[in-house]
Amino acid sequence: MKRNIQHLIYRAVRVAVEKGKLNSPDIPEVEIEEPKFDNQGDFSTNIAMVSASVQKMAPRKIAESIIKYLDDSRNNFEKIEIAGPGFINFFVRPSAWHPVLKQIHEQNTHYGASSIGNGEKIQVEFVSANPTGPLHVGHGRGAAVGDVLANILSFCGYDVQREYYINDSGRQIKTLGQSVFLRYTEMFGSEIQFPENCYQGGYILDIAKDIREKRHNDLLHFKEDDAIFECARFAAKQILEEISQDLKLFGITYDNWFSEQTLYDTGRVNAAIEELKNKRLVYKKDGALWFKTADYGDEKDRVVVRSNGDTTYFASDIAYHQDKFQRNFQRVIDVWGADHHGYIPRMKALMEAYGRQKNQFDVILVQLVNLSRDGEPVAMSTRAGKFVTLKDVINEVGRDAARFIFLTRHHESPLDFDLELAKKQTNDNPVYYVQYVHARISSIIRNGLERGISRIEWNDEAVSRLIEPEEIQLIKTMARYPEVLKNSAELMEPHHITFYLINLASAFHAYYNKHRVLSDEPILTDGRLYLVTAVKKVIHNGLSLLGVSSPEKM
RNA sequence: GCGCCUGUAGCUCAGCUGGAUAGAGCAACGGACUUCUAAUCCGUAGGCCGCAGGUUCGAAUCCUGCCAGGCGUACCA
């Protein structure tokens, strides 16, 4: 409908110019908006005001000419008027909305899908938590945002891959091995001093016990470094397995798990460093190797190889992101916790130094979750072993509610997550508000079946009976869905869908309370069943993208 | 100090690629179940859109400065 109006205006302008009513055929892009107030129509455009300076005419005069030559031979509009300083408001004839329903039924689970992605290969990397402890609530937010973003992009025609980057190399893994090994020796009677910088959580002890069960006291005979290495490998593998399970519980599966260690094992980190040298992007200073990131927008240069010969995390990240593009991804999206934002400039610098386009690499920052219980903040630290795991939260409040809460906020807005509140609010959590629509409509359809209505299909006479304001409102809202998705994909902001669904749910509940679907009139009943079935499809469609279930009964 | 994010109703947040009268939910108050699921609906009340300037016909939205909170600012990861 929107695009239709756009075309009509372009054509009207052309004709008006031909007839000499407008001065210039150059008009800016026509933007069609949906006004907030009913008395301003269903759609409106500010084109007359925006082109006033080009046309050298008063906005209202321009609007008059456009309307005069606007071709509404399809009779879509009840009224087109000029309002305020020069807005053109379009009032759509109610029946002109009806074809939207047919579209929804025909496209079914693909309603709202688009091809704006053009089959482009795109990768979304998210969560990527270090395998040094279980996932906590904060990771859950990144998981929800990343997963849903991937869903949306896929729905919009991108060829999406989900990847988890495993930081299984470097110091934190060594610390993990050390922590486990200490607990292990402790079980054999060693007096130990457990260092503060080691991981304190109870899961470390569990892993140590598992090792004892498998290896008995073998490791005590190893050289300490080797024993720590063994522990690290064992622990990381086990923790990663649990992470994978937790994510599955949250409804997330990955296409690929990428190990940092393999970058070293296959020499790709060294190769990347060599390439940097060849491109003269690095230099030596104070015994370390520096990347000239400051030349590409970073505030200063960054170390790639330390003076002691160790590579930095940045080095493996360079190799990793090179590898992503070598795997032919045209676009790469990293979902990070907001505490890593300081890292973005150097990554952008890397991209620029390699001549990549700006839109080929994006970082989605997800603000951290402030966890509290009954208003009291809960400290979160993997190292100190104080955290509420994602698994606990899923078990407490449910997968659907947890996902929904994470997605009812802009990802860059900090999120207060109160455990008691989340549990208590289970019943008036917006997720149930939306799911309830699906359950209610399912129930109506079941009741219809009992009356012998098994066919729900387009019928001119039946659909033409849909003229109540609440019915038109519902259809209008559903007509917006494809655009919401496109917007969500382009801005990479999943929360728009959540808010849209709440909106649609509200329109449905209002309708439900005012009108009966299964009425005494068979024709009207057919039309309304056709309508609410469309609503059910859109709700299901949206909830699926959010990874939330659509219950038949509640 | 510098950088990023945030600041909108009592609370939690939308709206921010400039538009007409500022939007939800929760909480408060008053109503609606003999009726397809009341996990619902209808209504009332609640606002210097952090502050001050600027750009514009028009600013919550863009620009500048300030204030407050969070985070970051390593030859850590």
Side-chain angles (χ1 to χ4, degrees), chain A residues 31 33 35-37 39-40 44-46 49-50 52-53 58-59 83-87 89 130 132 167 169-175 260 285-290 298-300 302-314 316-317 337-345 365-368 370 375 405 408-418 421 425-437 439-448 450-451 487 490-491 495-496 498-500 502-503 505-506 508-519 525 528-529 532 553-554:
Chain A
E31 300 211 12
E33 320 187 320
K36 285 179 221 161
F37 304 95
N39 62 0
Q40 293 164 0
S44 95
T45 179
N46 60 0
M49 287 140 80
V50 182
S53 59
F87 291 102
N89 294 339
N130 293 347
T132 53
N167 292 120
S169 160
R171 207 166 69 184
Q172 84 283 3
I173 282 293
K174 234 175 257 171
T175 306
E260 178 186 10
K285 192 183 99 189
D286 303 333
L289 192 69
W290 298 72
D298 199 0
E299 57 181 289
K300 58 185 220 176
R302 304 290 174 177
V303 170
V304 177
V305 183
R306 290 190 271 161
S307 53
N308 67 2
D310 286 351
T311 50
T312 60
Y313 186 79
F314 187 35
S316 53
D317 250 350
D339 53 340
H340 288 80
H341 73 259
Y343 206 75
I344 296 176
L365 283 183
V366 179
Q367 278 291 334
L368 301 189
N370 297 314
I405 289 173
T408 26
R409 263 156 198 83
H410 184 106
H411 55 75
E412 277 188 0
S413 173
L415 168 61
D416 296 319
F417 197 112
D418 192 296
L421 212 66
Q425 278 193 336
T426 294
N427 279 349
D428 45 16
N429 190 304
V431 70
Y432 298 102
Y433 184 78
V434 175
Q435 287 181 319
Y436 191 42
V437 172
R440 270 184 152 174
I441 297 175
S442 302
S443 174
I444 294 172
I445 293 171
R446 279 194 300 271
N447 289 328
E450 275 177 30
R451 287 193 186 190
N487 226 284
E490 273 161 11
L491 300 173
H495 73 282
H496 294 291
T498 319
F499 281 92
Y500 169 81
I502 293 172
N503 210 275
S506 164
F508 173 78
H509 287 310
Y511 173 59
Y512 179 92
N513 270 273
K514 196 160 174 191
H515 305 285
R516 281 192 66 84
V517 174
L518 303 173
S519 68
T525 301
R528 288 185 171 173
L529 271 171
V532 298
K553 281 184 186 172
M554 282 173 74

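A quick note: this is a predicted structure, and the numbers were derived from the prediction, not measured. In what follows, chains carry the letters A, B, and so on, assigned in the order in which the sequence lines appear, proteins first and then strands, with residues in each chain numbered from 1.
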Q: Scan side-chain atoms only and decide if E260(A) and S316(A) contain a donor-acceptor pair under the 3.5 Å cut-off.
A: yes

Q. Choosing from U6(B), A77(B), G72(B), which nucleotide comes nearest the side chain of D339(A)?
A. G72(B)

(Q) So S44(A), base contact, sugar-phosphate only, or nothing? Heavy-atom distance under 4.0 Å. (A) base

(Q) Distance check, P atoms only: G47(B) and G23(B), in whole angstrom units. (A) 15 Å

Q. So, do V532(A) and R528(A) sit near enough that their side-chain heavy atoms are less than 4.5 Å apart?
A. no

Q. Which nucleotide in the set C36(B), A14(B), A20(B) lies at the smallest distance from any side-chain heavy atom of S443(A)?
A. C36(B)

Q.
I need the OH-P distance between Y511(A) and C42(B), as an integer number of Å.
A. 15 Å

Q. Picking from C42(B), C4(B), A39(B), which would you name as closest to the side chain of A510(A)?
A. C42(B)

Q) What orientation do H495(A) and F499(A) show, parallel under 30°, tilted 30 to 60°, or perpendicular over 60°? A) perpendicular

Q: Return no unless some side-chain N or O of Y432(A) is found under 4.0 Å from OP1 or OP2 of A39(B).
A: no

Q. Out of A77(B), G19(B), U17(B), which has the shortest distance to the side chain of N487(A)?
A. U17(B)

Q) Given C36(B), is OP1 or OP2 found less than 4.0 Å from the side-chain N or O atoms of R528(A)? A) no

Q | From G72(B), C75(B), A20(B), nucleotide with atom closest to F87(A) side chain | A | A20(B)

Q) What integer number of Å spans the C1' atoms of C13(B) and G19(B)? A) 24 Å

Q) How is H509(A) classified with respect to the nucleic acid when contacts are heavy atoms under 4.0 Å: base, sugar-phosphate, or nothing? A) sugar-phosphate

(Q) Within the 4.5 Å heavy-atom criterion, are I444(A) and L518(A) side-chain neighbours or not? (A) yes

Q: Please state whether the base of A74(B) and the side chain of T312(A) form at least one donor-acceptor pair under 3.5 Å?
A: no

Q. Between T311(A) and R302(A), which is nearer to the 5' end of RNA chain B once each is assigned its nearest nucleotide?
A. R302(A)

Q) For N89(A) and A83(A), which heavy atoms make the closest approach, and how far apart are they? A) ND2-CB, 3.4 Å

Q) Can you find an N or O donor on one side and an acceptor on the other, under 3.5 Å apart, linking the side chain of N46(A) with the base of G19(B)? A) yes

Q: Determine the interplanar angle of the F508(A) and Y511(A) rings, folded into 0 to 90°, and report it as parallel if under 30°, tilted if 30 to 60°, perpendicular if over 60°.
A: perpendicular

Q. Do H496(A) and L491(A) come within less than 4.5 Å of each other through their side chains, counting heavy atoms only?
A. yes

Q | Pairwise 5' ranking along RNA chain B for Y436(A) and Y343(A), keeping only the more 5' one | A | Y436(A)

Q) Of the non-hydrogen atoms in Q172(A) and N167(A), which two are nearest, and what is the gap between them? A) NE2-O, 3.0 Å

(Q) Please check if the number of heavy atoms outside R446(A) that lie under 6.0 Å from its CZ is greater than 12. (A) yes

Q: Answer with base, sugar-phosphate or nothing: what part of the nucleic acid does K174(A) contact at a heavy-atom distance below 4.0 Å?
A: nothing

(Q) Side chain of H495(A) only, heavy atoms from C-beta on: which candidate in G15(B), A20(B), C4(B) is closest? (A) G15(B)

Q: Give a yes/no on whether any side-chain N or O of R440(A) is located under 4.0 angstrom from OP1 or OP2 of A39(B).
A: no

For nucleotides 29-35 of chain B, list the nitrogen or oxygen atoms of the protein found under 3.5 Å from its nitrogen or oxygen atoms, one pair per line.
residue, atom, partner, partner atom, Å
U35(B), O2', R516(A), NH1, 2.4

**Q.** Proximal nucleotide (of U37(B), U6(B), C75(B)) relative to the S307(A) side chain
**A.** C75(B)

Q: Could you work out the separation of U64(B) and G69(B) based on their P atoms and round it to a whole Å?
A: 23 Å

(Q) With a 3.5 Å distance limit and no angle check, can you tell me whether T525(A) reaches the backbone of S519(A) through a side-chain donor-acceptor pair? (A) yes

Q. Which of the following nucleotides, U6(B), C75(B), C71(B), is nearest to the side chain of W290(A)?
A. C75(B)

Listing time: all N or O pairs from protein to nucleotides 21-23 of chain B that are below 3.5 Å?
residue, atom, partner, partner atom, Å
U21(B), O4, N39(A), ND2, 3.1

Q) Could you write out RNA chain B as a dot-bracket string, with dots for unpaired bases, | for bases paired across to another strand, and Watson-Crick or G-U pairs counted at under 3.5 Å? A) (((((((..((((.....[...)))).(((((.......))))).....(((((..]....))))))))))))....

**Q.** Length of the OH-P vector between Y500(A) and A24(B), whole Å
**A.** 17 Å

Q: For Y433(A), answer base if it contacts any base atom (sugar-phosphate contacts may also be present), sugar-phosphate if it contacts only those atoms, and nothing otherwise; contact means non-hydrogen atoms under 4.0 Å.
A: sugar-phosphate

Q: For D310(A), report the nucleic acid contact type (base, sugar-phosphate, nothing); a contact means any heavy atom under 4.0 Å.
A: nothing

Q | Given C36(B), U6(B), G15(B), the nucleotide with the shortest approach to the side chain of H496(A) | A | G15(B)

Q: Please work out if N89(A) contacts a base, only the sugar-phosphate, or nothing of the nucleic acid, heavy-atom cut-off 4.0 Å.
A: base

Q) Has the side chain of H509(A) got a donor or acceptor atom that lies under 3.5 Å from a matching backbone atom of Y433(A)? A) yes

Q: Take atom C1' in C49(B) and the same atom in G18(B), then report the distance between them in whole Å.
A: 15 Å

**Q.** Rounded distance in Å - CZ (R446(A)) to C1' (U37(B))
**A.** 9 Å

Q: Answer with yes or no whether H340(A) presents, from its side chain, a donor or acceptor under 3.5 Å of a partner atom in the base of G72(B).
A: no

Q: Would you indicate what K553(A) reaches in the nucleic acid, counting non-hydrogen atoms under 4.0 angstrom: base, sugar-phosphate, or nothing?
A: base

Q.
Tell me whether N308(A) contacts the main-chain N or O of D310(A) through its side chain, where contact means a donor paired with an acceptor under 3.5 Å.
A. yes

(Q) Categorize S413(A) for me: base, sugar-phosphate, or nothing, with a 4.0 angstrom heavy-atom threshold over every strand shown. (A) sugar-phosphate

(Q) Regarding H515(A), tell me which of base, sugar-phosphate or nothing describes its non-hydrogen contacts under 4.0 Å with the strands shown. (A) base

Q) Distance between the C1' atoms of A59(B) and C51(B), in whole angstroms? A) 16 Å

Q) If we only count heavy atoms from C-beta on, is the F87(A) to Q40(A) side-chain gap below 4.5 Å? A) no

Q: Kindly compute the distance separating CD1 (I405(A)) from OG1 (T498(A)), expressed to the nearest 0.5 Å.
A: 11.5 Å

Q: Could you give the distance separating C16(B) and C11(B) at their C1' atoms, to the nearest angstrom?
A: 23 Å

Q. What does A288(A) touch in the nucleic acid at a heavy-atom separation under 4.0 angstrom: a base, only the sugar-phosphate, or nothing?
A. base

Q. Rounding to a whole Å, what distance do you find between H410(A):NE2 and A24(B):P?
A. 22 Å

Q. Quantified in whole Å, what is the P atom distance between nucleotide C4(B) and nucleotide A9(B)?
A. 26 Å

Q.
Under 4.0 Å, heavy atoms only, any strand: does D416(A) hit a base, just the sugar-phosphate, or nothing?
A. sugar-phosphate

Q: May I ask you to verify if any side-chain N or O of Y512(A) is less than 4.0 angstrom from the OP1 or OP2 atom of A38(B)?
A: yes

Q.
So which atom in D286(A) and which in S307(A) form the shortest heavy-atom distance, rounded to 0.1 Å?
A. O-CB, 3.6 Å

Q) Which nucleotide, A77(B), A14(B), A20(B), lies nearest any side-chain atom of R171(A)? A) A77(B)

Q) Which distance, rounded to the nearest 0.5 Å, do you find between the OG1 of T312(A) and the CG of L289(A)? A) 9.5 Å

Q. Rounding to the closest angstrom, what is the interatomic distance between U17(B) and C63(B) at atom P?
A. 10 Å

